[in-house]
A.B. asks: 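Take this structure first; my questions come after.
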Amino acid sequence: MTTPHDGPLPVISLEDLGLTYPGPPPVTALHPLELRIEKGEFVIVVGPSGSGKSSLLNVLGLLDNPTRGVYRLNGVDTSTVDDTRRAALRGREIGFVFQAFHLLPHRTAQENVELAMVYQRIPRRIRRQRAAAVLARVGLADRAHAMPTQLSGGQRQRVAIARALVAEPALLLCDEPTGNLDSETAASILDLLDRLHAEGMTILVITHDRHVAERGRRTLTIRDGVLSESARAHVAAP
Ligand code: ADP
Ligand code: MG
């Protein structure tokens with residue numbers, strides 16, 4: 001499936017995309033918007049509570065369908081794929097990181113990461129190697145066999161990031177990734193995201209926290225469902 005384009009395909013392309021919850025009464029959570037995110041970008045979307053951040057993340061993460069417009073993920077028009085292929089596309093292309101780390105409590109860090117590969121036809125031995133390698137990448141080589149309760153909040157979020165990365169997704173989607181962390185630990189998680197970005201990862205972070213927003217290479221603001229490019233993004237561009 002190909003689409004006309006100039007140069008490399010953007011990871012995300014939204015055209016006239018909107019989302020209205022049917023209600024009653026209907027709520028327009030996303031007013032029609034255009035957005036392109038290129039491979040390797042680090043984008044932060046900032047907005048107050050109720051502005052449409054989770055709605056946007058759910059659409060981008062293929063967890064919800066827009067009610068108008070087109071969402072292309074790596075060139076694939078996501079409205080044309082059935083539920084089975086959508087789930088496969090989600091599993092292959094998107095890594096999720098949430099505020100609440102969502103680790104399985106009775107599994108080690110390593111097992112939590114391995115479980116992210118359980119639906120792929122990857123032999124157990126390879127799964128183990130990959131999980132160990134990605135835990136090392138997030139700085140947790142020495143904590144691989146710890147249970148979540150034996151880890152700090154920052155370490156738990158690193159496990160969650162490792163789990164999101166292990167299938168080598170095209171896009172890392174993070175919803176308030178530092179929301180449960182003190183400011184020092186939050187900074188170390190943002191440093192980790194910076195490093196993953198430097199390694200070529202495409203990252204989108206959603207936050208209500210202005211301090212987090214200041215770390216973005218490109219910052220978008222969402223207010224009452226209207227997405228706009230922030231002025232400082234042009235100043236901060238490399
Ligand atoms: P944020 O994540 O920025 O707090 P949301 O995307 O959760 O904002 O919500 C945006 C708007 O859509 C809000 O007005 C919210 O009340 C509304 N909303 C969210 N989910 C639903 C839903 N399932 N049905 C109806 N309205 C919803
Ligand atoms: Mg939200």
Side-chain angles (χ1 to χ4, degrees), residues 11-37 41-73 78-79 81 83 86-87 89-90 93-103 153-154 156-157 160-161 163-164 169 171-183 185-187 189-190 192-193 202-233:
V11 175
I12 288 176
S13 160
L14 308 181
E15 291 163 27
D16 191 39
L17 179 131
L19 174 63
T20 298
Y21 296 109
V27 175
T28 297
L30 297 173
H31 289 277
L33 62 94
E34 314 286 320
L35 180 64
R36 266 176 79 105
I37 296 179
E41 278 200 278
F42 186 175
V43 178
I44 297 196
V45 178
V46 66
S49 177
S51 57
K53 299 185 300 297
S54 294
S55 299
L56 179 63
L57 187 113
N58 290 342
V59 170
L60 294 178
L62 300 174
L63 301 167
D64 201 357
N65 291 311
T67 45
R68 64 181 280 170
V70 178
Y71 171 19
R72 285 199 184 83
L73 176 59
T78 62
S79 67
V81 304
D83 285 351
R86 275 174 81 77
L89 197 60
R90 185 191 307 128
E93 304 282 12
I94 300 169
F96 290 97
V97 176
F98 297 103
Q99 172 171 355
F101 320 118
H102 298 305
L103 300 181
R156 287 182 209 184
Q157 193 60 304
I161 292 170
R163 179 184 55 189
L171 172 67
L172 196 60
L173 276 184
C174 311
D175 193 358
E176 303 283 1
T178 61
N180 277 347
L181 304 174
D182 63 74
S183 56
T185 308
I189 292 296
L190 293 169
L192 172 59
L193 294 178
T202 309
I203 303 174
L204 186 139
V205 173
I206 282 184
T207 184
H208 72 277
D209 185 343
R210 277 265 148 215
H211 297 295
V212 173
E214 282 163 13
R215 302 282 297 249
R217 298 290 178 280
R218 177 181 172 199
T219 306
L220 307 175
T221 302
I222 188 165
R223 200 163 277 125
D224 295 331
V226 178
L227 189 73
S228 52
E229 201 92 26
S230 302
R232 64 163 292 279

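Note that the structure is a prediction, hence the values are computed from the model and not measured. Start at 1 and go down the list; that is how both ligands and their atoms are numbered.
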A.B. asks: Looking at D224 and H31, what are the two nearest heavy atoms and their distance?
C.D. replies: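 For D224 versus H31, the nearest heavy atoms are O-CD2, 3.3 Å.
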A.B. asks: Which heavy atom in L19 sits nearest to a heavy atom in P66, and how many Å separate them?
C.D. replies: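 Minimum heavy-atom separation between L19 and P66: CD1-CA, 4.3 Å.
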A.B. asks: Between N58 and S55, does any side-chain donor sit less than 3.5 Å from a side-chain acceptor?
C.D. replies: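 Not at all, the side chains of N58 and S55 share no donor-acceptor pair under 3.5 Å.
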A.B. asks: Would you find a donor on one side and an acceptor on the other, under 3.5 Å apart, between the side chain of Q157 and the backbone of P177?
C.D. replies: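 At least one qualifying donor-acceptor pair exists.
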A.B. asks: Give a yes or no on whether S49 keeps an N, O or S atom under 2.8 Å from the Mg ion (ligand 2).
C.D. replies: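 Short answer: no, not a single N, O or S atom is under the cut-off.
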A.B. asks: Check L60, L62, L14 against L73 for a side-chain contact (heavy atoms from CB on, under 4.5 Å) and give me the one that passes.
C.D. replies: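 The side-chain contact (heavy atoms from CB on, under 4.5 Å) with L73 is passed solely by L62 among L60, L62, L14.
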A.B. asks: I'd like the residue list for ligand 1, meaning every protein residue with a non-hydrogen atom under 4.0 Å from the ligand.
C.D. replies: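 Its neighbours under 4.0 Å (heavy atoms only) are Y21, V27, A29, P48, S49, G50, S51, G52, K53, S54, S55, given by chain and number.
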A.B. asks: Do any N or O atoms from the side chain of T78 and from the backbone of Y71 form a donor-acceptor pair under 3.5 angstrom?
C.D. replies: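 Yes.
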